[in-house]
Protein chains: 2
Amino acid sequence: MDHPVSRSRPARPRATLLSLSQTAGVSISTVSRALRGDTRISPATRRRISALAAEAGYAPDTLARTLLGGRSGLIGLVLGPMRNPFYPALLEELVAQAADRGLRLLILHAGEGSMEERTAQALLGYRVDGCIVTSAVLPSRVTAICAENAVPLVMVNRVARDHGTAVSCDNAEGGARLAGLLLAAGHRRFAVVGGHADTSTSQDRERGFATRLAEAGHGLACRFDGGSTREGGWAAGLRIAALPPEARPDAVFAVSDGMAMGLIDALRSAAIPVGMTEGISVVGFDGVATALHPPYELTTIVVPVPALVRRGLDLLLARVTEPDAPDELVTLRGELHPGRSARLPAMLEGA
Amino acid sequence: MDHPVSRSRPARPRATLLSLSQTAGVSISTVSRALRGDTRISPATRRRISALAAEAGYAPDTLARTLLGGRSGLIGLVLGPMRNPFYPALLEELVAQAADRGLRLLILHAGEGSMEERTAQALLGYRVDGCIVTSAVLPSRVTAICAENAVPLVMVNRVARDHGTAVSCDNAEGGARLAGLLLAAGHRRFAVVGGHADTSTSQDRERGFATRLAEAGHGLACRFDGGSTREGGWAAGLRIAALPPEARPDAVFAVSDGMAMGLIDALRSAAIPVGMTEGISVVGFDGVATALHPPYELTTIVVPVPALVRRGLDLLLARVTEPDAPDELVTLRGELHPGRSARLPAMLEGA
DNA sequence: ACGGGCCGCGCAAACCTTTGAACAAAACTC
DNA sequence: GAGTTTTGTTCAAAGGTTTGCGCGGCCCGT
């Protein structure tokens with residue numbers, strides 16, 4: 001009566017090359033070669049051992065394999081703040097594509113908390129083949145450790161300030177494109193809702209936008225700090241709504257879709273219409289699913305997440321096999337999604 | 001001119017017990033014991049070796065340690081659909097709390113795609129100490145593998161149908177509580193927007209709600225399938241708006257906050273007010289951050305995510321050390337968040 | 001002065017897989 | 001039929017860590 005209902009507990013002691021070799025009556029190395037498809041082993045033996053392995057539920061011990069100097073198949077992952085809906089989408093794509101390449105993701109860090117010492121221990125202790133960083137807020141620690149220990153590192157959706165390998169959307173171009181469209185549609189008073197001041201993504205988007213405006217002889221009527229959160233966008237919207245009507249911008253660029261949604265919510269709650277026909281035009285950047293649908297139907301630059309992830313893994317794996325490869329920056333052009341949240345030039349209205 | 005600017009590449013060959021022992025002039029085992037704080041080693045030697053290890057950037061090789069039969073410190077993770085904003089929050093909490101306990105998360109699967117054979121290989125090959133499953137849609141494969149190989153498994157925010165260990169919010173009670181509040185506030189025509197038909201979470205919430213209504217002699221005026229997505233909630237809202245006014249419900253329970261937000265968006269876009277003073281009352285379940293803020297200010301049951309994760313890890317670690325522990329179901333009561341999206345009994349209005 | 005006990009440390013095995021080298025046997029060549 | 005290649009398999013080592021056991025040296029009691 002010690003354990004009430006301990007269900008079928010085979011607890012077979014884990015199939016190993018040794019156990020398989022014993023039941024097959026051959027040596028350990030024969031089993032190993034048979035399972036890896038070595039042609040030196042006769043087809044008959046190979047088939048027999050494969051069947052045995054499948055039946056025993058054998059899975060090669062990746063740890064022992066890695067110990068031999070091989071690769072661990074582990075990618076260390078540093079995740080950005082999960083409340084930004086862009087990151088969950090990125091994560092899902094990353095998991096899927098990594099699995100397709102036989103890689104697994106080991107989460108080193110998530111969110112905005114500080115990176116503890118344990119992160120370094122994990123990075124080295126589990127012998128990750130490389131690291132992917134999607135958050136640039138506090139990467140210094142991981143970046144340093146990777147550099148010291150020759151662990152390849154690739155930033156996805158971020159660009160290192162002075163060096164490093166990264167793949168990102170062409171944020172400056174996207175910002176400029178949005179500015180050009182808004183200008184062509186006749187807007188004249190522009191506002192920006194910025195994100196984290198210390199992330200390259202936000203900086204580049206805002207800079208591209210402002211530069212394009214300046215080229216056309218325009219400036220920013222006002223600028224708000226949205227902190228990359230939906231709540232920040234909401235707060236910015238309230239402040240815009242509180243302006244006297246003649247001081248309000250007629251076009252607002254929120255540098256991330258999350259902020260754009262909060263912004264639209266705030267404007268509408270203040271009875272200020274947002275859209276292509278009347279009121280204020282709002283554009284965003286990211287292309288998160290929720291923003292593309294009603295009630296937002298946001299005009300935004302869609303970051304090509306699948307391609308971003310694909311190129312990121314390409315770059316990382318290339319550096320796993322060739323550690324001396326020079327730093328590389330890959331920039332992918334985003335696609336404009338013309339929604340109903342902004343007045344656009346006539347040429348686009350049909351699309 | 002082969003590699004343009006290959007920065008400082010120390011590529012020191014990875015500090016190991018052997019390398020440390022050589023520089024320290026002692027044996028490997030002494031270094032091992034010194035670093036683990038074994039009192040048999042003299043304090044002086046311990047300090048000296050610790051300093052050496054820190055300087056060399058030594059990190060114990062977890063793989064080799066695990067090979068000895070110890071624990072890997074790895075928790076396999078099966079994630080639910082990331083587009084539901086509840087999961088990113090759960091993930092962030094999970095990463096933080098796991099790190100606090102010295103554990104790392106290895107992502108086995110994310111999203112709704114089917115579970116491939118590689119998942120099994122990873123689960124066994126990396127010798128995960130246990131698994132946490134937050135998605136019950138396709139767990140059969142992982143559940144079976146864990147059961148066969150005596151790998152502890154805990155479901156978080158899910159309940160297994162017939163057996164297994166799980167920790168979840170008291171979904172039925174929460175649903176019933178919401179029903180009771182809506183009844184007490186005088187609502188009479190009720191609707192439900194359901195989620196995935198095959199997840200225990202959605203089922204229990206809906207069942208609790210309907211049961212409590214039935215006890216009071218009421219039924220459901222209508223029911224919609226929201227598919228656990230925001231878009232599904234939006235679609236349900238449009239269908240409600242399309243009903244003739246006298247056929248519309250005066251209270252709607254969306255079994256997840258994401259659907260509730262879509263629902264509110266749709267009702268408002270159809271000029272049907274939602275809120276505590278007029279129009280339709282909407283309540284949700286989860287307590288995701290966005291839903292608690294304007295413009296939703298949703299009345300919802302907040303799932304206690306930190307406690308959920310804490311108990312989940314408790315249960316998992318208990319089963320790592322004691323594999324024969326019987327199945328256990330832990331249910332945590334959610335907290336009512338009285339927002340402005342629903343008319344509530346007067347006793348709550350002051351709160 | 002000598003033996004017992006303790007203190008600090010080293011030896012070696014074990015964990016599991018991969019792989020180059022070696023080895024035996026069978027199938028060729030002439 | 002002897003030499004040579006091919007074929008099928010085994011041996012052994014390596015990789016980094018943990019740990020039971022053993023071994024010297026020192027202190028203390030007598």
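The figures that follow rest on heavy atoms only: side chains count, while hydrogens, waters and symmetry mates do not. Reminder, nothing fancy here: chain letters follow the sequence lines and each chain counts from 1.
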(message) If the threshold is 4.0 Å, N to carboxylate O, is there a salt bridge linking Arg83(A) and Glu92(B)?
(response) no

(request) Answer yes or no: is there an ion pair linking Asp314(A) with Arg101(A), defined by an N-O contact shorter than 4.0 Å? (result) yes

(request) Taking only the side-chain nitrogens and oxygens of Thr30(B), find out if one of them lies under 4.0 Å from OP1 or OP2 of dC9(C). (result) no

(request) Provide, to the nearest angstrom, the distance between the OH atom belonging to Tyr126(A) and the P atom belonging to dG16(D). (result) 18 Å

(request) Determine, for nucleotides 15-21 of chain C in 5'-to-3' order, which nucleotides have protein heavy atoms under 4.0 Å from the base (write B), from only the sugar-phosphate (write S), or from neither (write -). (result) BBBBBBB

(request) Would you indicate, yes or no, if dC9(C) has its OP1 or OP2 atom less than 4.0 angstrom from a side-chain nitrogen or oxygen of Ser42(B)? (result) yes

(message) Using the side-chain contact (heavy atoms from CB on, under 4.5 Å) definition, which of the options Leu313(A), Leu90(A), Leu105(A) pairs with Ile132(A)?
(response) Leu313(A)

(request) Measure the shortest side-chain to side-chain distance between Val151(B) and Asp129(B) over non-hydrogen atoms and say whether it is less than 4.5 angstrom. (result) no

(message) Tell me whether Arg310(A) is salt-bridged to Glu93(A), with the criterion being a basic N under 4.0 Å from an acidic carboxylate O.
(response) no

(request) Please state how far atom CG in Asp38(A) lies from atom P in dT6(D), giving the value in whole angstrom units. (result) 16 Å

(message) What I'd like to find out is whether the side chain of Val78(A) reaches to under 4.5 Å of the side chain of Thr134(A), using heavy atoms alone.
(response) no

